[in-house]
Amino acid sequence: MTPQERIRELTAQLTYYNHQYYQDSVSEVDDFTFDQLLQELTDLEKQYPDFRLPDSPTARVGGTISKEFPTVYHRFPMLSLGNTYSEEDLIEFDTRVRKGLRDEPYEYICELKFDGVALSMTYENGVLVQGATRGDGVRGDDITHNIRTIRSLPLRISPGKGHISVPALFEVRGEGFLPLAEFDRINKEREDIGEPLLANPRNAASGTFKQQDSGAVAQRRLDCYLYSFLADPDPSGEAIFHTHEESLIALREWGFNVSPTWKKCTTIREVMEYINEWDTKRFELPLGTDGIVIKVNRYDQQRELGYTAKSPRWAIAFKYKAQAASTTLNAIQYQVGRTGAVTPVAMLTPVLLAGTIVKRASLHNANEIERLGVMLHDTVFVEKGGEIIPKVTSVDLSRRPADAQPIVYPTECPACGTPLIRKEGEAHFYCPNEKYCPPQRQARFEHFIQRRAMNIESLGEGKIQLLIDRNLVLNPADLYDLTNGQLLGLEKTYTDEDTGKTRTVKFGQKTVDNILTAIERSKAQPFSNVLFALGIRYVGNTTAEKLVDYFGSMDALMVANREQLLAVPDTGPRIADSLLEWFADADNVQQVERLRAADLQFVGTRKEVVAEGNTLAGKTFLYTGTFAGFDREELEAKIAANGGKLLSGVSKKLNYLIVGENAGPSKVAKAQQLNVPMINESEFRSMLGDTEHS
Ligand code: IVH
């Protein structure tokens, strides 16, 4: 097979697997095989760039860097929708439609109004050739490379798919979004490494689509719901679809991600029912929604109704009322986080909002206070958006009291008095007293004991605070010197700010035993957890794992220079400099040495595989029993060194079970049941091409 043929074959095969996975949630191949095929294609395309196909699935992983986005004109303008907020408005809309259609029967399609970024995709001969933002409606940015990273969006539609053939040229429009779960994942990761949090999923999606590096875009799993189809009539003048409903069904058949939440309604009553049904159900969806969109179903009727200057007369958006309440701002509390960032929090007169009592709301940062023009004792509006913490959205100036006080942002840390600093380009003020500022210290301990780090969670819920208050611990290394005598009988009473209730933390023998056992057990936590636990800025879980894979030990990491750090996969200058700075601090090094003396894991398994060959590429293995020529580690290393992958259990994904002496009967039985081939040691050797032993 020529390289060109192989490129064609791999492109088709991977496109098929992608579609299966993202549209039908099934897969014929395991992730490993998929990655191997993708790698093969990537390598071939690099070698023979001319043969790369425009719909190559390698586009999903990004990699293109654009200086700026070219402007593209939309073949059909991207309009906006008129808004309504009440049932009366909706009835008026319905009346206008009825009159416009001279009492002819009509139907509506109701859809949710997704809160993301409007995107327009052009397909030529079934291939995605262009993706653009809305821009001003007439022209937008060509962000094709970024749009190709959306895994649910077909890069090519196979001809003959669906019961309506795919037109030679068409556009689809939809809403690009960052799924809420993905938004939370990214923010959790950013919190771990001390980066400012993304404000909300909508802005995060819009920011991501406009990033210049499509590789970075691909790391955030964007998605897109399609809701419009546009094409010229076919050469005979016949329209491809006659109704919006037909287009939604066909789009789905062609492999597009159409949210199944749409519904056909014949009366405005039914539309109201749809609105009421989704008022609460919409919070279960994977993205934010702020209303519904009502569209006249038949295209000929849409044409008859026509357009105003800005929007169609055949469609309208009904906006759900934001869940807002007004209350007074009594004070501002300044909270200091683990990285020293100071966040202003509005302390409010308690108010009922969407079923819960709200006493606090986020004000984000100093810029936000300025933007809102808010003063102490003002009446403010608070809203619940996509985020969990309510936020102050505006000020009711008509109710500003005579005693309203300007908000003076502190110049010193509210917790330790150190002058605050503002880093260039950042919205937050920071307390630079990293080591001694009490809330920073407390947050550092909380980071250290969390499950994903040292897993000493029996110290949670105020217990760690008690240890800090009593000066029993200054930095996390001190935890390993704690004794039964120091802990037993400790007691403190706290007042819960929310409920006003008091709570007593008391260390009885059982509590102390639990704490000391958890501390002892934490010594077995893997080195990557230890590295993450140290709380080095920008070193999250994943980065810690990559550093361990690369350096293998704390000693190697501590002496690494900038160049070596930059050689670690996915490690850029920001992480490298942060590590260098951290290890250059004598106190930090001393802490590390104490942790070493306490017997924490400072060595990990270097995953850097010395490649021997590729004979096991794409194959998965599991072994059971003992072998004459290998111990466990040697066998595992052999599999990895020859391109194979080790699985943790017998499943359909397993290609070979290597059976040795005293093999586990349950593994063998399961392999038989699933028809997984079993091989012995010498058969495994011959797979390696090793004839010496067989
Ligand atoms: S149809 C001619 N359907 O709302 C109007 N738009 O103000 C075509 N949107 O920028 C739009 N969900 O990004 C339509 N189910 C949906 C939608 C939707 C969200 C957005 C769209 C557009 C804005 C219109």
Side-chain angles (χ1 to χ4, degrees), residues 74-85 89-90 93 96-97 100 108-121 131-141 143 147 150 152-153 170-180 200-203 205-206 208-210 222-231 241 243-245 247-249 251-252 256-265 271 274-275 277-278 281-282 285-299 301-320 386:
H74 298 300
R75 283 169 43 81
F76 307 93
M78 286 182 84
L79 301 172
S80 60
L81 290 168
N83 287 327
T84 58
Y85 297 88
D89 287 352
L90 212 54
F93 164 75
R96 287 198 301 273
V97 169
Y108 291 119
I109 298 294
C110 291
E111 293 165 14
L112 279 143
K113 187 164 193 298
F114 308 112
D115 197 11
V117 183
L119 300 174
S120 182
M121 278 66 59
T133 61
R134 176 172 186 274
D136 62 6
V138 175
R139 65 205 148 180
D141 287 336
I143 53 162
I147 282 181
I150 304 175
S152 70
L153 194 67
F170 69 93
E171 274 187 49
V172 282
R173 302 229 166 120
E175 202 77 355
F177 64 94
L178 196 62
L180 293 174
N200 61 57
R202 208 209 76 83
N203 289 1
S206 129
T208 308
F209 276 114
K210 298 245 169 90
L222 293 160
D223 205 339
C224 180
Y225 276 148
L226 285 310
Y227 50 63
S228 297
F229 169 91
L230 294 149
F241 303 116
T243 62
H244 180 52
E245 181 184 25
S247 77
L248 292 179
I249 293 169
L251 284 177
R252 179 141 203 131
F256 287 98
N257 193 13
V258 176
S259 167
T261 49
W262 62 272
K263 192 180 171 211
K264 185 157 73 180
C265 295
V271 172
Y274 180 88
I275 292 176
E277 180 189 341
W278 284 101
K281 256 178 48 184
R282 67 201 176 100
L285 295 173
L287 80 169
T289 52
D290 57 356
I292 68 154
V293 182
I294 304 138
K295 303 173 180 173
V296 169
N297 192 19
R298 267 167 55 184
Y299 283 165
Q301 293 182 329
Q302 291 188 359
R303 273 192 300 275
E304 202 170 332
L305 290 162
Y307 298 83
T308 69
K310 279 189 307 193
S311 49
R313 288 202 181 88
W314 47 264
I316 201 149
F318 176 92
K319 291 278 202 79
Y320 287 114

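Note that the structure is a prediction, hence the values are computed from the model and not measured. Reckoned from all heavy atoms, side chains included, excluding hydrogens, waters and symmetry mates. Just so you know, ligand 1 is whichever comes first in the structure, and atom 1 is the first atom listed for that ligand.
- Scanning all protein heavy atoms for the shortest distance to atom 20 (C) of ligand 1 gives Glu175 OE1, 3.5 Å.
- When hydrogens are left out, the protein atom nearest atom 10 (O) of ligand 1 is Ala118 CB, 3.7 Å; that is the closest non-hydrogen contact.
- Here the straight-line distance linking atom CG of Leu79 with atom CZ of Arg173 works out to 8.0 Å at 0.5 Å rounding.
- Residue pairs satisfying the side chain to side chain donor-acceptor pair (under 3.5 Å) criterion with at least one member in residues 286-295, sequence neighbours excluded, are listed as follows: Glu111-Lys295.
- A heavy-atom distance below 4.5 Å is found between the side chains of Trp278 and Leu285.
- Heavy atoms of Asp115 come nearer than 4.0 angstrom to ligand 1 in no pair at all.
- Evaluated by nearest non-hydrogen atom to atom 16 (C) of ligand 1, the leading choice among Tyr227, Phe76, Phe177 is Tyr227.
- Within the 4.0 Å heavy-atom criterion, neither part of Val117 lies near ligand 1.
- Residue Leu79 has no N or O atom closer than 3.5 Å to an N or O atom of ligand 1.
- Phe241 has its ring centre less than 6.0 Å from the ring centre of Phe229.
- Of the N or O atoms in Lys295, one or more lie within a sub-3.5 Å distance of an N or O in ligand 1.
- The nearest protein atom to atom 4 (O) of ligand 1, hydrogens excluded, is given as Lys113 NZ, 3.3 Å; this is a heavy-atom distance.
- Between the CZ atom of Arg134 and the CG atom of Asp141 there is a distance of 13.0 Å, given to the nearest 0.5 Å.
- Side-chain atoms of Glu171 do not come within 3.5 Å of backbone N or O of Leu230 as any donor-acceptor pair.
- Every N/O-N/O distance between Pro312 and ligand 1 stays at or above 3.5 Å.
- When only non-hydrogen protein atoms are considered, atom 7 (O) of ligand 1 lies nearest to Leu81 N, 3.1 Å.
- A donor-acceptor contact shorter than 3.5 Å is absent between the side chain of Arg298 and the backbone of Thr243.
- With hydrogens left out, the protein atom closest to atom 12 (N) of ligand 1 is Phe114 N, 3.0 Å, a heavy atom.
- Heavy-atom contacts from other residues, nucleotides or ligands closer than 6.0 Å to NZ of Lys310 number 12 or fewer.
- Here the side chain of Asn297 pairs a donor or acceptor atom with the backbone of His244 at under 3.5 angstrom.
- Within the 4.0 Å heavy-atom criterion, the part of Val293 lying near ligand 1 is the side chain and not the backbone.
- By the 3.5 Å distance cut-off applied to N or O atoms, Trp314 is not counted among the residues near ligand 1.
- Within ligand 1, the atoms closer than 4.0 Å to a non-hydrogen atom of Glu111 are 3 (N), 15 (N), 16 (C), numbered from 1 in the order shown.
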